[in-house]
S.K.: 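Structure incoming, see below.
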Amino acid sequence: MNSFIVMQGHTYEEEKGLGIIWSPQQDKGGNVPHSWKRMTEVKEGDQVFHYVKGNIVAVSIATEDCKAASKPSIMQAHDGWKDEGYIVNVKYHELDIPVNVRDRFDEILPLLPIKYSPFHRDTNGNSGYLYPCNEELAIKLLELISELNIYQINEEQLELSVDEVRRTENNTLIPVIAETESQAKTKIRLGQQKFRRDLMPLWEGKCALCGIHLPELLRASRSKPWKDSTNAERLDPYNGVLLCANHNALYDKGLIAFDGQGRLHISSIISNEDYLMYGLKPMTKIQIHSENKVYLKWHKKNIFRMK
């Protein structure tokens, strides 16, 4: 199961009424925007979050794979577009209480990919149509939706909350959220287990910087984070460095990095006087594999905080 975020705006009501999401195949100039082409990636069982005017207003599940289809004749909101398009039939589950992205952006921002993010850093939605939604972001959105829309009733509330009990019993979101959140968490857990298992022998089972070899203190550190990686990159053991918990935290937050030669770079955020405390030695060079280089360079360019 994969997840997506669809930016609908004025097209939402029409598409919801038809139980679909739809986009043209090409723009007027014959170009194929990535957010339209991505429609072809949607498969039966995939999850879609619906964004309208600053809010996540619904969750849907694809009932079949994407297919080429002309624009439905009754759709008025797409009049300026070509008729040839892509369509996905989905089952909408509209939220009683939408999730306002701006209000919860501090929680959402760290999970947004650098490339093809559905939201700008100013919290506004991007202008495309369909965007990828990595598993970490999907889990967070499901948590926010649950917080607002899934009602937990305890014994003390039963006598006074009959209406809420009825709403809970009839809430179609509960099984949708339970199943999709479970699948997303399982995908991350199994992926992380395989990643660590394959990473350990590449670094001889010890921290690349300090040599600690106690497994309980070692972390499989991704150079290119899960949110920014393709499925293949997420499982590629060369997209990682085996580090102790301390050095893993520094690497994850961009306070240290390695160049294509394996040479350590330390952010100026860390003062020279603190190098010893963090177990850092300037100009340290770790032994890397040639396959590590592209990932180490990506991390240094996109994650490393020089100052």
S.K.: N89 side chain to T63 main-chain N or O, any donor-acceptor pair under 3.5 Å?
M.R.: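 Not a single qualifying donor-acceptor pair exists.
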S.K.: I5 pairs by side chain to side chain contact (heavy atoms under 4.5 Å, CB included) with which of L130, L137, V48?
M.R.: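 With I5 as partner, side chain to side chain contact (heavy atoms under 4.5 Å, CB included) holds for just one option, L137.
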S.K.: If only atom types and distance count, is the side chain of S146 paired as donor or acceptor with the main-chain N or O of L142 below 3.5 Å?
M.R.: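 Yes.
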S.K.: Which heavy-atom pair separates L148 from I97 by the least distance, and what is that distance?
M.R.: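 Smallest interatomic distance, heavy atoms only, reads O-CD1, 3.2 Å.
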S.K.: Count the heavy atoms of every other residue, nucleotide or ligand shown that sit under 6.0 Å from CG of L214, and state whether that count exceeds 12.
M.R.: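 Yes - once you tally the heavy atoms of other residues, nucleotides and ligands closer than 6.0 Å, there are more than 12.
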S.K.: Could you pull out all residues at least two apart from F304 that satisfy ring pair (Phe, Tyr, Trp, His ring centres under 6.0 Å)?
M.R.: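 Testing F304 for ring pair (Phe, Tyr, Trp, His ring centres under 6.0 Å), a comparison that skips the adjacent residues, returns none.
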S.K.: Answer yes or no: is there a side-chain heavy-atom contact under 4.5 Å between L144 and I108?
M.R.: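 A side-chain contact exists here, since the closest heavy-atom pair is under 4.5 Å.
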S.K.: Linking I/L/V/M/F/W/Y whenever their side-chain heavy atoms sit closer than 4.5 Å, directly or via other members, would I303 and L112 fall into one cluster?
M.R.: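 No, I303 and L112 fall in different hydrophobic clusters.
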S.K.: Output every pair passing ring pair (Phe, Tyr, Trp, His ring centres under 6.0 Å) with a member in residues 178-234, not counting sequence neighbours, ordered by first then second residue.
M.R.: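 Passing the test, one end in residues 178-234: no pairs.
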S.K.: For Q193, does the CD atom sit with more than 12 other heavy atoms under 6.0 Å from it, leaving out its own atoms?
M.R.: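 Buried by this count: over 12 neighbours within 6.0 Å.
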S.K.: Is it true that a side-chain atom of W36 and a backbone atom of D27 form a donor plus acceptor pair closer than 3.5 Å?
M.R.: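 No, because the side chain of W36 does not come within donor-acceptor range (under 3.5 Å) of the backbone of D27.
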S.K.: From the options P132, P33, S23, select the one residue that forms a side chain to side chain contact (heavy atoms under 4.5 Å, CB included) with R38.
M.R.: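 Between R38 and the candidates, side chain to side chain contact (heavy atoms under 4.5 Å, CB included) is satisfied uniquely by P132.
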S.K.: Evaluate the side-chain contact (heavy atoms from CB on, under 4.5 Å) criterion for residues I21 and H50: first the C-alpha distance (whole Å), next the side-chain angles of each, then the deciding distance (0.1 Å), finally the verdict.
M.R.: CA-CA 10 Å; I21 56 175; H50 298 261; 3.9 Å; yes
S.K.: S229: what forms a side chain to side chain donor-acceptor pair (under 3.5 Å) with it, not counting sequence neighbours?
M.R.: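 Once residues adjacent in sequence are excluded, S229 has no partner under the side chain to side chain donor-acceptor pair (under 3.5 Å) criterion.
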S.K.: Return yes if a side-chain donor-acceptor contact under 3.5 Å exists between S290 and Y238, otherwise no.
M.R.: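 Checked: S290/Y238 side chains show no N/O donor-acceptor pair below 3.5 Å.
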S.K.: So, does Y92 use its side chain to make a donor-acceptor pair with the main chain of I20 at under 3.5 Å?
M.R.: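 Pair found, side chain donor or acceptor close to backbone of I20.
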S.K.: Evaluate the criterion side-chain contact (heavy atoms from CB on, under 4.5 Å) for residue pair Q192 and R189; output intermediate values, then yes/no.
M.R.: CA-CA 5 Å; Q192 185 62 19; R189 177 174 55 81; 6.0 Å; no
S.K.: Within this structure, what is the CE-CD distance for the pair M39 and E41, rounded to the nearest 0.5 Å?
M.R.: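 Between atom CE of M39 and atom CD of E41 there are 11.0 Å.
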S.K.: Are Y131 and F119 close enough that their ring centers fall under 6.0 Å?
M.R.: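 No, they do not, as the ring centres are separated by 6.0 Å or more.
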S.K.: When you measure from the side chain of N55 to the backbone N and O of V57, does any donor-acceptor pair fall under 3.5 Å?
M.R.: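 The answer is no, because no donor-acceptor pair under 3.5 Å joins these two groups.
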S.K.: Within a radius of less than 6.0 Å around NZ of K187, do more than 12 heavy atoms belonging to other residues, nucleotides or ligands occur?
M.R.: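 Counting neighbours around NZ of K187, more than 12 heavy atoms of other residues, nucleotides or ligands fall under 6.0 Å, so yes.
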S.K.: Should the heavy atoms of other residues, nucleotides or ligands under 6.0 Å from CE of M283 be counted, would the total exceed 12?
M.R.: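 Open: at most 12 neighbouring heavy atoms sit under 6.0 Å from CE of M283.
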S.K.: Could you tell me whether the side chain of I114 reaches within less than 4.5 Å of the side chain of W298, counting heavy atoms only?
M.R.: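 SC-SC contact between W298 and I114 confirmed.
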S.K.: Please answer whether the main-chain N or O of E64 pairs with a side-chain N or O of E44 as donor and acceptor at a distance below 3.5 Å.
M.R.: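 Such a contact is absent between E44 side chain and E64 backbone.
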S.K.: Can you name the nearest heavy-atom pair linking A68 to Q25, along with the distance?
M.R.: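 Heavy atoms only, the tightest pair is CB-NE2, 3.6 Å.
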S.K.: Considering non-hydrogen atoms only, spot the tightest contact between S60 and V90 and give its length.
M.R.: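 Smallest interatomic distance, heavy atoms only, reads OG-CB, 3.6 Å.
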S.K.: Quick one: pull up CG in L141 and CZ in F49 and give me the separation to the nearest 0.5 Å.
M.R.: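 With rounding to 0.5 Å, CG (L141) is 5.0 Å from CZ (F49).
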S.K.: Give the other cluster members for V32, using side-chain heavy-atom distances under 4.5 Å between Ile, Leu, Val, Met, Phe, Trp and Tyr residues; answer none if it is isolated.
M.R.: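 Listed partners: none, V32 stands alone.
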S.K.: Should K67 and I87 be marked as a side-chain contact (heavy atoms from CB on, under 4.5 Å) after you check the CA-CA gap, both sets of side-chain angles, and the distance that decides it?
M.R.: CA-CA 6 Å; K67 59 187 178 184; I87 194 170; 3.7 Å; yes
S.K.: Look at the side-chain heavy atoms of Ile, Leu, Val, Met, Phe, Trp and Tyr, link any pair under 4.5 Å apart, and say whether L255 and M277 land in one connected group.
M.R.: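 Per the 4.5 Å side-chain linkage, L255 and M277 are co-clustered.
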S.K.: Determine the minimum heavy-atom distance between I288 and G260, stating which atoms define it.
M.R.: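 The pair with the smallest heavy-atom distance is CD1-O, 3.3 Å.
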S.K.: Could you go through I286 and L209, starting from their C-alpha distance and side-chain angles, then the distance that decides it, and tell me whether this counts as side-chain contact (heavy atoms from CB on, under 4.5 Å)?
M.R.: CA-CA 7 Å; I286 64 174; L209 272 179; 4.1 Å; yes
S.K.: Judged by atom type as modelled, is there a donor-acceptor pair below 3.5 Å linking the side chain of D252 to the main-chain atoms of N248?
M.R.: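 Judged by distance alone, no pair lies under 3.5 Å.
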S.K.: Return the minimal non-hydrogen interatomic distance between G125 and H120, and the atom names on each side.
M.R.: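 That closest heavy-atom pairing would be O-CD2, 3.7 Å.
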S.K.: Taking H289 for its side chain and L202 for its backbone only, find out whether a donor-acceptor pair lies under 3.5 Å.
M.R.: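 Between the backbone of L202 and the side chain of H289 there is a qualifying donor-acceptor contact (under 3.5 Å).
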S.K.: Going by atom types alone, do Y295 and N292 pair a side-chain donor with an acceptor below 3.5 Å?
M.R.: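 The answer is no; no qualifying pair exists.
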S.K.: Hey, does the Lys NZ or Arg CZ of R219 hover above the aromatic six-ring of Y251, less than 6.0 Å from the centre and inside 45° of the axis?
M.R.: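 Checked: cation-pi criterion not met.
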S.K.: With sequence neighbours excluded, tell me which residues meet side chain to side chain donor-acceptor pair (under 3.5 Å) with H299.
M.R.: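 Expected list: none.
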S.K.: What residues, two or more places apart in sequence or in another chain, satisfy side chain to side chain donor-acceptor pair (under 3.5 Å) together with E136?
M.R.: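 E136 satisfies side chain to side chain donor-acceptor pair (under 3.5 Å) with no residue once adjacent residues are dropped.
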S.K.: How about CG on D122, more than 12 heavy atoms from neighbouring residues, nucleotides or ligands closer than 6.0 Å, or not?
M.R.: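 Yes, CG of D122 has more than 12 neighbouring heavy atoms, counting only those of other groups under 6.0 Å.
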S.K.: Between the main-chain N or O of L218 and the side-chain N or O of R196, is there a donor-acceptor pair closer than 3.5 Å?
M.R.: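 Confirmed, R196 side chain pairs with L218 backbone.
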S.K.: Are the side chain of N239 and the backbone of R234 linked by a donor-acceptor contact shorter than 3.5 Å?
M.R.: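 Not at all, since once roles are kept as given, no pair shorter than 3.5 Å links the two residues.
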S.K.: What are the two closest heavy atoms between C207 and C244, and how far apart are they?
M.R.: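 Where C207 meets C244 most closely, the heavy atoms are SG-N, 3.3 Å.
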